[in-house]
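Data first, discussion second: the structure below is written as structure tokens.
Residue numbers start from 1 in every chain, and the chains themselves are labelled A, B, ... in the order their sequence lines are given, proteins ahead of strands.
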Amino acid sequence: MRVSKLFFQTLREVPADADVVSHQLMLRAGMIHQIAAGIFDFLPLALRTKYKIEDIFREEMDAIGGQEVTLPMVHPAELWQKSGRWYQIGSDMARFKDRNDRDMVLGMTHEEIMADLAKKYIKSYRQLPTMLYQIQTKFRDEPRPRAGLLRVREFTMKDAYTFDRDEAGIDAYYPHFYQAYFNIFHRCGIDVVAVKSDTGMMGGRMAHEFMALTDIGEDTLVLCDACGYSANRQVAVFRKPEPPVADQLPLEEVATPNVTTIEALAQFLDIPESETAKAVFMIADIDQPDGKVKEQFVFCVVRGDMELNETKLTNAVKARRLRPATTSEIKAIGAEPGYGSPIGIARERVLLVVDELVARSPNLVAGANREGYHLRNTNYGRDYSADLVVDLVAANDGHACPNCGAALYTARGVEVGNIFKLGTKYSIAMGATYLDENGEEKPIVMGSYGIGSGRLMAVIIELHHDEAGIKWPITVAPYQVILISLATEKTPEVTEAAEKLYADLLAAGVEVLYDDREERAGVKFNDADLIGIPIRLTLGAKGLKNGVVEGKLRRNGESFEFNIATAVDDVKALIAAEIARINATVAPVPFED
RNA sequence: CGGGGUGUAGCGCAGUUGGUAGCGCGCCUGGUUUGGGACCAGGAUGUCGGAGGUUCGAGCCCUCUCACCCCGACCA
């Protein structure tokens, strides 16, 4: 491709609306154009990289037995009504009516459609396991798209679905995806950590998220370097400290004027925060047996030195959603904001959930449900009892690893992929069953596995750039080579040589961008750096005189001199070496169950 | 959905007490230049986000509205 013909435009200045690096660079490199919040045009440079990434998806999916299909983007509401998600999902799902007034949706994901397809075509255990995947546009009307391609509403996703006869089947398939996903990310030049994740509303048995570690990440990960433990903070567990052994002392009210926070309380009474109990008041929407949704007041108690983990709470009480209670709601159940405890409240009106550590810790200081007073020596079991005693708290820096006891630490990550043991939820809903050897009809056990290609592209840039621009890993670069001609009107022989080299590179199958523009050298160099082509060839009058063309690696600045006569082969060898360098990172990864 | 911010040329921005819109980059023409974002000369480009209002007169003041960005909520 000739740069003079390339449909793009580089920008010197950073567009005002972009504040993450990948977004800025993609705009400056002329890769993408936003047309609405979270909705983008992909220009040729971006599209080429997108296709490179997606080809890697295809190779890795095919390698573990996948077959590619394309399912529609527009779905009849009926399928989503069957699974129930038509009713569960809110305005994230774009809905409309067709000309015949039928409800339709834009596909956010394709479990329903895939299960429906399986119902039609899978009849026998002999057909299992099977795996289908697609690379398709999805639309989720996210409340807050942001950060360029990192969080969008319309996006392309590779989504794969496995169909197995039983749990043992998916248990056997799942690790293949685990490995294939590492292969994909490594081949794209990025490192990821797989973390256990929340199965949430999907109700599956096991899920992993593949996270790229970067400060702009929206998720917090809990990691252990000693043993490799890794989990999304939403589900991370830790080894809790052993509470002191002590006799239960009598309850005692103590005046604590204007002391409404745990920090202030600990300071006021000169005790560690670990000797206090903190009340957290939430309102949960909980499904009732009759199909209605009830707003339930949930009274949580965690130790003062720890934080409530809302995901754990949501799962513990099987809430559809959770929100903080208002002051009047808190007072209505007989508690006092700032001085709350489960002692003396309208117990029958709340769902009382207590962290198991609180239940084991003696003589904690808690609120008295009276403004200006706390209680010393509250003891679970003696002074109150809960509806649920579970792990409710968030793991944090310095907590002990649940496996090995070493200190955990937290890091930010961007989710670039996930794998999910779905179970039979969708197959049962859609009636996707098979007959086993005994002629018995059984639901197909499904798994789903997603990677967003646009987000992955953005993450690659986040992890591979410098002040000058993008540094594409060669496996996903829009072009492998950029040939810069420094010809002027006075040096037509340079143009001639560059044209010939360009033609030869093309003929040799090299993906080459040829900067034939009438621009100054600096402009061309800067644009080449910005768009991030891994190998730069420069042909100027001086080099030509000596029969050399200069080569330079974008990733580290290393430079080469190639004899023009052998340049094509030399460049091909360099490309091969650079590809091999990335592929060398592809290796077996132990499956962390 | 709550809080904050911004809308003026393709991009980045300025625009005074209300007086009929400008700068830099980019773009077009010609010339000189030519190895890390050249220089000179000339040129094109605006429903000042939209609607209503106040006023002799609105980019500027008032009301409504839309879009986008950021923080939070949310995130199969």
Side-chain angles (χ1 to χ4, degrees), chain A residues 8-20 23-24 27-28 30 33-39 80 83-86 88-93 105 107-112 114 138-148 150-153 155 157 159 161 197-204 207 209 218-219 232 234 310-311 314 320-324 414-415 418-420 422 425-426 446 448-450 452 455 467-469 484-491 494 515 517-530 536 538-545 549-550 552 557 559:
Chain A
F8 87 134
Q9 164 79 224
T10 56
L11 302 175
R12 292 190 193 191
E13 286 170 295
V14 179
D17 279 349
D19 57 13
V20 306
H23 189 196
Q24 293 172 353
L27 290 171
R28 288 190 51 215
H33 173 235
Q34 178 167 340
I35 70 164
I39 300 180
W80 289 80
S83 73
R85 285 158 114 187
W86 169 265
Q88 288 164 10
I89 297 173
S91 36
D92 272 21
M93 181 152 65
V105 311
M108 311 174 59
T109 174
H110 287 74
E111 281 81 11
E112 281 82 354
M114 275 289 178
K138 313 246 187 277
F139 188 86
R140 296 180 192 172
D141 199 355
E142 293 273 354
R144 189 150 101 79
R146 72 189 98 164
L150 282 168
R151 187 168 201 83
V152 295
R153 295 193 293 170
F155 58 101
M157 179 177 236
D159 49 325
Y161 303 84
S197 64
D198 182 33
T199 54
M201 296 286 286
M202 298 285 283
E209 290 168 341
E218 295 179 315
D219 288 282
N232 194 308
Q234 291 179 326
E310 290 191 18
T311 303
T314 301
R320 182 172 279 199
R321 56 184 303 143
L322 219 51
R323 65 168 171 85
V414 175
E415 180 187 348
N418 59 32
I419 59 179
F420 213 114
L422 284 177
K425 173 174 174 179
Y426 297 95
M446 290 177 63
S448 79
Y449 315 83
R455 178 183 285 185
E467 321 70 52
I484 294 179
S485 163
L486 296 183
T488 69
E489 285 173 7
K490 291 173 186 162
T491 57
V494 174
D515 197 343
R517 294 176 299 175
E518 292 177 18
E519 288 286 355
R520 314 201 107 223
V523 172
K524 296 185 180 187
F525 289 142
N526 283 316
D527 279 350
D529 288 347
L530 177 57
R536 188 182 86 191
T538 307
L539 190 55
K542 290 177 210 159
L544 183 60
K545 244 177 239 168
V549 55
E550 294 162 43
K552 192 168 196 180
S559 58

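- The distance between atom CE of A/Met108 and atom C1' of B/C74, rounded to the nearest whole Å, is 12 Å.
- Atom name P, nucleotides B/A51 and B/G59: the rounded distance is 12 Å, in whole Å.
- Annotation: side chain of A/Arg536 is in contact with side chain of A/Phe525 (closest heavy-atom distance under 4.5 Å).
- Nearest to the side-chain atoms of A/Pro143 among the listed nucleotides B/C13, B/C69, B/C74 stands B/C74.
- Counting any heavy atom pair closer than 4.0 Å across all strands shown, A/Arg144 reaches a base atom.
- The nearest heavy atom of RNA chain B to A/Asp219 and to A/Val14 marks one nucleotide each, and the one closer to the 5' end goes with A/Val14.
- Residues satisfying the side chain to side chain donor-acceptor pair (under 3.5 Å) criterion with A/Arg153, sequence neighbours excluded, are A/Asp141.
- Side-chain contact between A/Gln34 and A/Asp17: absent, with no pair of heavy atoms (C-beta onward) separated by less than 4.5 Å.
- Between A/Phe155 and A/Arg455, every side-chain heavy-atom pair lies at or beyond the 4.5 Å cut-off.
- Between the C1' atoms of B/A67 and B/G50, the separation comes to 10 Å (whole Å).
- Backbone-only engagement by A/Ala147 is indicated by non-hydrogen atom pairs under 4.0 Å involving sugar-phosphate atoms exclusively.
- Base pairing in RNA chain B gives the following stems of 3 or more Watson-Crick or G-U pairs, range against range and under 3.5 Å: B:1-7 with B:66-72, B:10-13 with B:22-25, B:27-32 with B:38-43, B:49-53 with B:61-65.
- For B/U54 and B/C61, the C1' atoms lie 8 Å apart once the distance is rounded to whole Å.
- Taking the P atoms as reference points, B/C48 lies 10 Å from B/A9, given to the whole Å.
- The distance between atom CZ of A/Arg146 and atom P of B/C69, rounded to the nearest whole Å, is 11 Å.
- A/Glu111 has its side chain within reach of A/Arg85: a pair of non-hydrogen atoms, C-beta onward, lies under 4.5 Å apart.
- Under the side chain to side chain contact (heavy atoms under 4.5 Å, CB included) criterion, A/Val549 pairs with A/Leu501, A/Leu537, A/Leu539, A/Phe562, A/Ile564, A/Ala567, not counting sequence neighbours.
- Nucleotides B/G49 and B/C11 have their P atoms positioned 13 Å apart, rounded to a whole Å.
- Comparing the same atom, P, in B/G7 and in B/C60 gives a spacing of 13 Å after rounding to whole Å.
- A/Leu27 places its CG atom 15 Å from the P atom of B/C68, with the value rounded to the nearest Å.
- Residues A/Lys138 and A/Asp159 have side chains in contact (heavy-atom distance under 4.5 Å, counting atoms from C-beta outward).
- Here A/Met93 lies out of heavy-atom contact (under 4.0 Å) with every strand.
- Spacing between atom CG of A/Asp141 and atom P of B/C1 amounts to 11 Å, rounded to whole angstrom units.
- With hydrogens and angles disregarded, no donor-acceptor distance shorter than 3.5 Å links the side chain of A/Lys524 to the backbone of A/Leu486.
- Looking at A/Thr491, its side chain never comes within 3.5 Å of a backbone N or O of A/Ala487 through a donor-acceptor pair.
- Comparing the C1' positions of B/G26 and B/G43 gives an interatomic distance of 14 Å, to the nearest angstrom.
- Of the inter-residue distances, the one linking A/Asp527 atom CG with A/Arg28 atom CZ reads 9.0 Å to the nearest 0.5 angstrom.
- Residues passing the side chain to side chain contact (heavy atoms under 4.5 Å, CB included) test with A/Ser559 are A/Lys552, sequence neighbours excluded.
- Straight-line distance from the CD1 atom of A/Ile35 to the P atom of B/C69: 12 Å, rounded to whole Å.
- Side chains of A/His23 and A/Leu150 form no contact here, defined as non-hydrogen atoms less than 4.5 Å apart.
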Sugar-phosphate or base contact per nucleotide [nucleotides 27-38 of chain B; S, B, -; heavy atom under 4.0 Å]: ------BBBBBB

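- With a 4.5 Å cut-off on side-chain heavy atoms, A/Ile39 and A/Phe139 count as touching.
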Sub-3.5 Å pairs of nitrogen or oxygen atoms, protein against nucleotides 22-24 of chain B:
unit_1 : atom_1 : unit_2  : atom_2 : d
B/G24  : N2     : A/Glu13 : OE1    : 2.8

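- The same atom, P, is picked in B/A44 and in B/A21; the two are 15 Å apart, to the nearest Å.
- Between A/Asp17 and A/Ile89, the one whose closest nucleotide on RNA chain B sits nearer the 5' end is A/Asp17.
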